[in-house]
Amino acid sequence: MRTLVSPGALRTRRGKIAYAVVFTGTLVVFTFAFLFPLYWAVTGAMKSPAELAQSPATLVPREWHPESFGQAWDRMDLGRYFLNTVLVAGGAWLVQLAVDVPAAFALSKLRPKLGNVVLGLMLVTLMLPAAALLVPTYVTVTDLPLLHVNLINSPAAIWLPAAANAFNIYLLKRFFDQIPDELVEAARIDGAGPVRTLVKIILPISRPILAVVSILAIVAAWKDFLWPLLMFPDPGRQTLSVMLQRVAPDLPLNLLVAGMVLASVPMIVLFLVFQRQVLAGLGAGSVKG
C-alpha cells in the first residue's frame, strides 16, 4: 500500500520529526476549531452585556459573571422548556426506533418483493428539500387522515413526521446486511419467527448502529427549530430552540448566550457518554461470528 511518505522515510530521524510536526499541528488545528466555539460561548455568557457587545471583542472576560447561568435558568424558566424538549426528543427517538428498525430488518433479512424499489423510494425523499415538505406535512398533522385529529400543540406532531427516517433506515439496513444470514436461518429452524429473531438475535449484536441512530434522532429533534415553531404556537409547550428565539429581543445578550450554552449541554454530555458506541457503529463493517 502506497502512502504519501514511504515507511523507509518515516524510519529516518528527519522523517520522524516531520511526521511528529505534521501530526501535532493537525491535531492542534482541529482541536482548536472544535473547542474554540465552545470556549467563546461559555466565556461570552460570563461577560457583562456591554463587554459582550463591544467591538473588538475581548478574548478573556475582564470581569467574570458566572451567575449569568443561574439568572438565565430562572428568568427564562428553562426547567419547563427542558422538560418539553426532553418529551419531544425522547418520543421522536422511541418512535423512530419502533418504525425504522423493523423496516430495515424486513428489507435486509426478510427480502420482500419489490424491497429494493421501496428502499429506492425512501432514499428519493432525501433528495427533497425540507422546505418542500412543510406544507403537505402541516396539512396532514392538522387533519390526521382517517382519525381527523388536529395535532397542533401535541408532541405527536413532532413524533409522527420523524418516524420514517430514510437515512436511518439505510444505515440500519447496511449494518443488518453484514450480519450472516446463517444466524437468521438457525433461528428460523429453531422455530423463531421474524419478531423473535429481531429481538433475540439481531438487536443484541446491533448495539453500535443503534447508538448511532439514537444519537442522530435525538440530536435532530433537540435542535430542530422550524417544525416545532409551527407545531407549538402555545408558549408553554415550546421547545428550547423556539423559546430562545421568542425571548431573544427581551433579554440581555449575555443571558441569551448563557441559555444557549445550557441548552447545548445535554447533547454534549450525551455524545461524550456514548462516543465509543457511536464510533464503533460508524466504523462497523462486519460482524465476527
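Sequential numbering from 1 along the given sequence is applied to the chain's residues.
Counting only heavy atoms from C-beta outward, the side chains of F30 and T26 approach each other to under 4.5 Å. Residues L144 and L147 form a side-chain contact, since some pair of their non-hydrogen atoms from C-beta on lies under 4.5 Å apart. Side-chain contact between L226 and L134 is present, with heavy atoms from C-beta onward closer than 4.5 Å. The shortest side-chain heavy-atom distance between V184 and F176 does not fall under the 4.5 Å cut-off. When side chains are defined from C-beta on, P252 counts as touching R75, because their heavy atoms get closer than 4.5 Å. The shortest distance between side-chain heavy atoms of F167 and L123 does not fall below 4.5 Å. For the pair S48/H65, a side-chain contact is recorded, criterion being any heavy-atom separation below 4.5 Å from C-beta on. Between L240 and M243, some side-chain heavy-atom pair lies under the 4.5 Å cut-off.
With rounding to the nearest 0.5 Å, the separation of CD in Q178 from CD1 in I205 is 11.5 Å. With rounding to the nearest 0.5 angstrom, the CD atom of E67 is 9.5 Å from the CG atom of L255. In this structure, the separation between CG on L230 and CZ on F225 is 9.0 Å, given to the nearest 0.5 Å. One finds the CG atom of D100 at 11.0 Å from the CG atom of L216 (value rounded to the nearest 0.5 Å). Considering CZ of R246 and CG of L251, their distance stands at 10.0 Å, rounded to 0.5 Å. The CG atom of L151 lies 11.5 Å from the OH atom of Y138; values are rounded to the nearest 0.5 Å.
Aromatic ring centres of Y81 and W73 lie farther apart than the 6.0 Å criterion allows.
Across every non-hydrogen atom of A72 and A258, the tightest pair is CB-CB, 3.9 Å. Counting all heavy atoms, side chain and backbone alike, A263 lies closest to L244 at CB-CD1, 4.2 Å. When every heavy atom of L198 is checked against every heavy atom of P102, the shortest pair comes out as CD2-CA, 4.3 Å. Counting all heavy atoms, side chain and backbone alike, G115 lies closest to L107 at O-CD2, 3.5 Å. Taking every heavy atom of both residues into account, Y39 and L59 meet most closely at OH-O, 2.9 Å. I169 and A103 make their closest contact through CD1-CB, 4.1 Å (heavy atoms, listed as atom of the first residue, atom of the second, distance).
The neighbour count for R196 CZ, taken as heavy atoms of other residues, nucleotides or ligands under 6.0 Å away, does not exceed 12. Counting heavy-atom neighbours within 6.0 Å of E63 CD, excluding the residue itself, gives a total of 12 or less. The neighbour count for F274 CZ, taken as heavy atoms of other residues, nucleotides or ligands under 6.0 Å away, does not exceed 12. Applying the 6.0 Å contact sphere to OH of Y19 captures no more than 12 heavy atoms from other residues, nucleotides or ligands. More than 12 heavy-atom neighbours from other residues, nucleotides or ligands sit within 6.0 angstrom of CG on N153.
Side-chain N or O atoms of W222 include none that pairs as donor or acceptor with a backbone N or O of S264 at under 3.5 Å. Side-chain atoms of S241 come within 3.5 Å of backbone N or O of D224 as a donor-acceptor pair. Here the side chain of D234 pairs a donor or acceptor atom with the backbone of G236 at under 3.5 angstrom. Distance alone, capped at 3.5 Å, places no donor-acceptor pair between the S55 side chain and the A57 backbone. Judged by distance alone, the side chain of S108 and the main-chain N or O of F105 form no donor-acceptor pair under 3.5 Å.
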Run the numbers on T137 and T140 for side chain to side chain contact (heavy atoms under 4.5 Å, CB included), then give the verdict.
CA-CA 5 Å; T137 308; T140 301; 5.5 Å; no
Residue pair K223, M267: steps toward the side chain to side chain contact (heavy atoms under 4.5 Å, CB included) verdict:
CA-CA 9 Å; K223 69 181 180 64; M267 295 299 98; over 6 Å; no
Begin from the C-alpha positions of L94 and W159 and carry the test side chain to side chain contact (heavy atoms under 4.5 Å, CB included) through to its verdict.
CA-CA 9 Å; L94 290 175; W159 301 343; over 6 Å; no
Under the criterion side chain to side chain contact (heavy atoms under 4.5 Å, CB included), I'd like the reasoning laid out for L172 against L210: C-alpha separation, chi angles, the key distance, then a yes or no.
CA-CA 8 Å; L172 289 163; L210 292 177; 4.0 Å; yes
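The side chain to side chain contact (heavy atoms under 4.5 Å, CB included) with M231 is formed by just one residue from the set V88, I152, V242, T239; it is I152. Of the candidates L78, L262, V257, L262 is the only one forming a side chain to side chain contact (heavy atoms under 4.5 Å, CB included) with F69.
Follow the hydrophobic side-chain contacts under 4.5 Å out from V199 and you never reach L110; the two are in separate clusters. By the rule that hydrophobic residues join a cluster once side-chain heavy atoms approach within less than 4.5 Å of another member, V273 and I209 end up as members of one cluster. When the side chains of ILVMFWY residues are joined at heavy-atom separations under 4.5 Å, either directly or via intervening members, V261 and V269 end up in a single hydrophobic cluster. L183 is not connected to I189 by any chain of hydrophobic side-chain contacts under 4.5 Å among Ile, Leu, Val, Met, Phe, Trp and Tyr, and they are in different clusters. In the hydrophobic clustering of this structure, L97 groups with Y170; members are Ile, Leu, Val, Met, Phe, Trp, Tyr whose side-chain heavy atoms approach within less than 4.5 Å, directly or through other members.
F36 pairs by the ring-ring contact (aromatic ring centres under 6.0 Å, His included) definition with F32, W40, not counting sequence neighbours.
Listed by first then second residue, pairs satisfying salt bridge (Lys or Arg N to Asp or Glu O under 4.0 Å) with a partner in residues 161-184 read K109-D181, R111-D181, K173-D177, not counting sequence neighbours.
Using modelled atom types, one finds no donor on one side chain facing an acceptor on the other under 3.5 Å when comparing Q238 with N84. K47 and T58 form a side-chain donor-acceptor contact under 3.5 Å, judged by distance and modelled atom types alone.
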